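Shown next, in structure tokens, is the structure this report addresses.
Because the structure is predicted, anything quoted here is derived from the model rather than measured.
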Amino acid sequence: MSSTFGDLLQQAEQLTADMDTGGELPRIDLNLHQLAEAGTRLWSRTSGTVSDSADVKASILLGSKGFDVPKLSEKLEQLDTTKTFEPLEPVRETDIQGFLRNERENAILSAIEEARKNTFSQSERHQWNCMESEWEKEKEKILNSLLGAGQETLGFPSEPEVFSTSSLSMQGRSALDAMELAYARQVYIHNESVLQGRQHDIVLGFLEIADKMDNKNVVDVWEFIENLKELQNNTGHPQKLRSSPDFQIKFLEKARNFFEKRYKTYVQETVYDNLQQSRLGGIPGTLNLIRSFLKVKLPQTFQGLEDGDVDGTPVWPLIYFCMRCGDPQAAMQVMDYVPQYLGEFKEFFKEYIHNKERRLSPSTESKVRLQYRRSIRTSHDPFKRAVYCLIGHCDLADNHQEIATKTDDYLWLKLSLVSVNQDTSSQDEMTLSQLQSLLLEQFGEAHFGAYQQPFLYFQVLFLTGQFEAAIEFLSRVEFFRSHAVHYAISLYEMGLLATSESIQAQPLTIEAGDPPPGRRLNFARLIMTYTRKFEMTDSREALQYFYLLRGIKRPHGEDLFKSCISELVLETREFEMLLGSLQPDGSRKPGCIDKFQKNKNDTQRIIEIVAKDTEEKGLFEESIKLYDLAKNNEKAIEILNKLLSQVVSTSGGNQSPRDRLQNLAVTIADRYRLLGHNASQSRISTFFLLLDLMQFFDLYHANQLDTALDVMQKLKLVPFSSETVEERVAAFRQYNDEIRRCLPDVLLASMNILFAKYKTTKSTGQSPLIDRRRDDGGQERFREILRRQARALITFAGLIPYRMPGDTNARLVQMEVLMN
């Protein structure tokens, strides 16, 4: 039936009319776009539509690849989640057996989780501890290789030195020069005396060396240290001792005497070099010497010198220079010539020189200060002002630049004005710590031109009691470093050097709580930095210096001397020379360290420390020898077994690792058989079995197959018959990991031997054209024996509880199949 467009139009109008006549639903006028939006909105509100759409899309995507999504969903829903390591949900049913089973599994899972967390925590902590320890050691090496924490190192040309020709002839083999070798010799003599319980004056030995040098400044400092021996400390608290009034009084006296003695020497040299002008004459004594000196050196520019003269020489310069040369009695003689000009000052001066502390009584000092403020301060005579300031401690800010033109003069004046009374708060008093702070902190290196005159700045600090800062500065100067190190050694042995509590500290540190100035020297770092120069060529001398560090502890508590020995051995590899060696009879030939240890157990402990450090560095062969040297046979065999198990199956060669280890193992085995050992039975059994396996593989690689097979059968490590399989499997469980690790290679080598023998019988057998009944010699029966032996090896390989390499089983099965 055909219909036209007119019919379709009539039917549409009829439908519209029918809809208008119905009153159940309202009429909605929407276009197609609005209808689509409304439909989408309604679809989104329907629950389950989105997931259904996702399922539809997943079915379309996975169905094209052959996956049945509904079945896959059913399988996922049926999975038993109780097999995971998540804590189980409590059983709600009244099933007692199920409840107990659930609780038991929860307890097991909780224990496993707790053990896992503890294991990870311990391993992480152990890792960080190892890394920290390793870093601390590396940091010490780095710090010791640096000289001054980023400060400039000064170099100076060598000065001529006077030594014997015998010492100079030793320089060809040594990194030390003649002076350093002489110093090292004195350190050796000192250590020998200490070890033998005898007293030895190391300062006197160093002073004898210094006397041979053409350097007066170095000799002067050694003489000053020689004078300090009277102040050496036996209490073990150098900071406390050096801050005590008694020590400071004696030290100031010795420091002033040092400058006075040196100035008097200068005066004598000046007079003797100008005899015509000085007109010395024959009268001995300081006064006549000073008069002659002033004829040469007193400038004519000094105007206004007061209170007359003595035979043409002004009074106050005579008094001042007599005091400057350390002879106050000569100054009293000057006052006797002109008593009418001095008034009460003569009595003041007499009291001053008779006081042990070179200090007036408070009442007399007040009178002197009053006179100074009233009249002396404005005097045009600089020598008179200086003398009044010296005896009355007046005007501490005045540096007396007219007469104190040299650094020695300035220091002598300041040391003479220092007050030992630590309780005073008067501005007219200056303590030793204030003077030290002035020189080191306010003036410092720039003021004294330290880089241009390093030894002068060193003396400024050293002679004012700042030993640590002085030595630290001088150690930065290449030419003077050896002197600085041995100055420090002398003070350290005398108990006067303040050392850092940590060997990882900076070269110079300030410790809170110490009396001012509170600076400490890192003595250990100073010694280790110095020895790094020559420890490779002069390890014996380095060992002597390390002995000075005995008793100093590292951060983890180990003795620094023992640690330095370990590092020295590892650096130089001089194992036998330093630690000794084992003789064929088992006795130990002493090494260099034996003389430093009275107890053999101490020596053995040092060797064990070196062995442990050697093992941590990965030098396993050396560590084996060291543990053996230390009589720690258990540890030596443990490491040796691990190394042997790695090379048992390899073929050896000249100087190969396998040959070295084998020779070492054979030597140790022969000695242990003859002299005994202290290793455990398990380790020693593994050790000898590894040696036997090495012999087996030597024969195997040499193609001596019959002998190799006989060795393996005697070892009873693998079965060669079905009756012994279970016995060998049970024995396998008792073997250590070192033996188990060799088993795959042992099985392959044994199977290769059987297969090679099988092929030999096949190649020498009768031709296939001949009747098998005529097969003479029992070759077929022999081949059957070989097949049974191969089958026993295959069975054994499958039964042992050990995961072998992936291709091992395949190769074993392949050869067994070829034999059948």
Side-chain angles (χ1 to χ4, degrees), residues 231 239-260 263 320 323-324 326 328 348-349 351-353 355-373 376-377 382-444 447-448 457 459-470 510 514-519:
L231 307 178
Q239 300 94 332
K240 184 177 180 180
L241 173 72
R242 285 164 52 183
S243 63
S244 65
D246 291 340
F247 178 89
Q248 292 188 1
I249 291 172
K250 295 177 181 178
F251 175 79
L252 290 171
E253 180 183 359
K254 293 183 181 300
R256 289 193 301 265
N257 291 342
F258 173 83
F259 287 114
E260 292 165 356
Y263 194 79
Y320 172 80
M323 296 179 66
R324 181 69 179 88
F348 297 157
F349 192 81
E351 180 183 344
Y352 173 79
I353 64 176
N355 190 306
K356 183 179 180 182
E357 299 180 16
R358 294 286 180 90
R359 191 69 185 266
L360 296 174
S361 63
S363 58
T364 307
E365 192 171 88
S366 299
K367 294 179 182 179
V368 173
R369 290 181 179 180
L370 181 61
Q371 288 187 16
Y372 180 82
R373 285 194 297 269
I376 306 302
R377 178 189 294 177
F383 297 98
K384 184 176 182 179
R385 294 199 310 270
V387 172
Y388 264 86
C389 287
L390 285 171
I391 69 170
H393 287 215
C394 309
D395 199 1
L396 300 180
D398 189 356
N399 293 328
H400 304 281
Q401 296 179 357
E402 302 94 331
I403 57 178
T405 57
K406 302 293 184 181
T407 303
D408 282 12
D409 300 326
Y410 172 82
L411 291 176
W412 177 79
L413 278 168
K414 291 299 181 183
L415 289 171
S416 300
L417 295 173
V418 166
S419 174
V420 179
N421 185 4
Q422 302 291 330
D423 298 329
T424 182
S425 58
S426 173
Q427 295 181 354
D428 295 331
E429 302 290 348
M430 179 175 62
T431 63
L432 181 59
S433 61
Q434 290 174 342
L435 175 62
Q436 293 170 343
S437 176
L438 174 69
L439 298 174
L440 179 61
E441 299 174 3
Q442 297 184 31
F443 290 163
H447 177 83
F448 290 99
Y457 183 62
Q459 287 182 317
V460 168
L461 300 178
F462 195 86
L463 296 171
T464 54
Q466 304 183 82
F467 304 142
E468 297 77 20
I510 299 178
D514 285 347
R519 286 175 174 80

What's the verdict on side chain to side chain contact (heavy atoms under 4.5 Å, CB included) for Gln459 and Phe259, showing C-alpha distance, side-chain angles and the deciding distance? CA-CA 11 Å; Gln459 287 182 317; Phe259 287 114; over 6 Å; no
Report the C-alpha distance between His393 and Arg359 in whole Å, list the side-chain angles of each, state the deciding distance to 0.1 Å, and finish with yes or no for side chain to side chain contact (heavy atoms under 4.5 Å, CB included). CA-CA 9 Å; His393 287 215; Arg359 191 69 185 266; 3.4 Å; yes
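Without hydrogens or angle criteria, Arg369 side chain to Gly392 main chain gives a donor-acceptor distance under 3.5 Å. At least one donor-acceptor pair closer than 3.5 Å links the side chain of Ser366 to the backbone N or O of Pro362. In this structure, the side chain of Arg242 does not engage the main chain of Gln248 through any donor-acceptor pair within 3.5 Å. Side chain of Gln436 to main chain of Thr464: a donor-acceptor pair is present (N/O by atom type, distance under 3.5 Å, no hydrogens or angles). Remark: the backbone N or O of His400 is paired with a side-chain donor or acceptor of Asp398 at under 3.5 angstrom. Side-chain N or O atoms of Ser243 include one that pairs as donor or acceptor with a backbone N or O of Gln239 at under 3.5 Å.
Listed here is the closest heavy atom pair of Asp409 and Tyr263: OD1-CE1, 3.8 Å. Considering every non-hydrogen atom in both Arg519 and Glu441, the closest pair reads NH2-OE2, 2.9 Å.
The pair Lys367-Glu351 fails the salt-bridge criterion, with no side-chain N (NZ, NE, NH1 or NH2) lying under 4.0 Å from an Asp/Glu carboxylate O. For Lys384 and Glu402, the salt-bridge test fails: no basic side-chain N is under 4.0 Å from an acidic carboxylate O. Between Glu260 and Lys254 there is no salt bridge, since no side-chain nitrogen of the basic residue lies less than 4.0 Å from a carboxylate oxygen of the acidic one.
Results of the side chain to side chain contact (heavy atoms under 4.5 Å, CB included) test with Arg324 over Asp408, Ile403, Leu413 single out Asp408 as the only residue that passes.
Cation-pi check for Arg256 over Trp412 is not met; the charged atom does not lie both under 6.0 angstrom from the ring centroid and within 45 degrees of its normal.
At a cut-off of 3.5 Å, with distance as the only test, a side-chain donor of Tyr372 or Asp395 sits close to an acceptor on the other residue.
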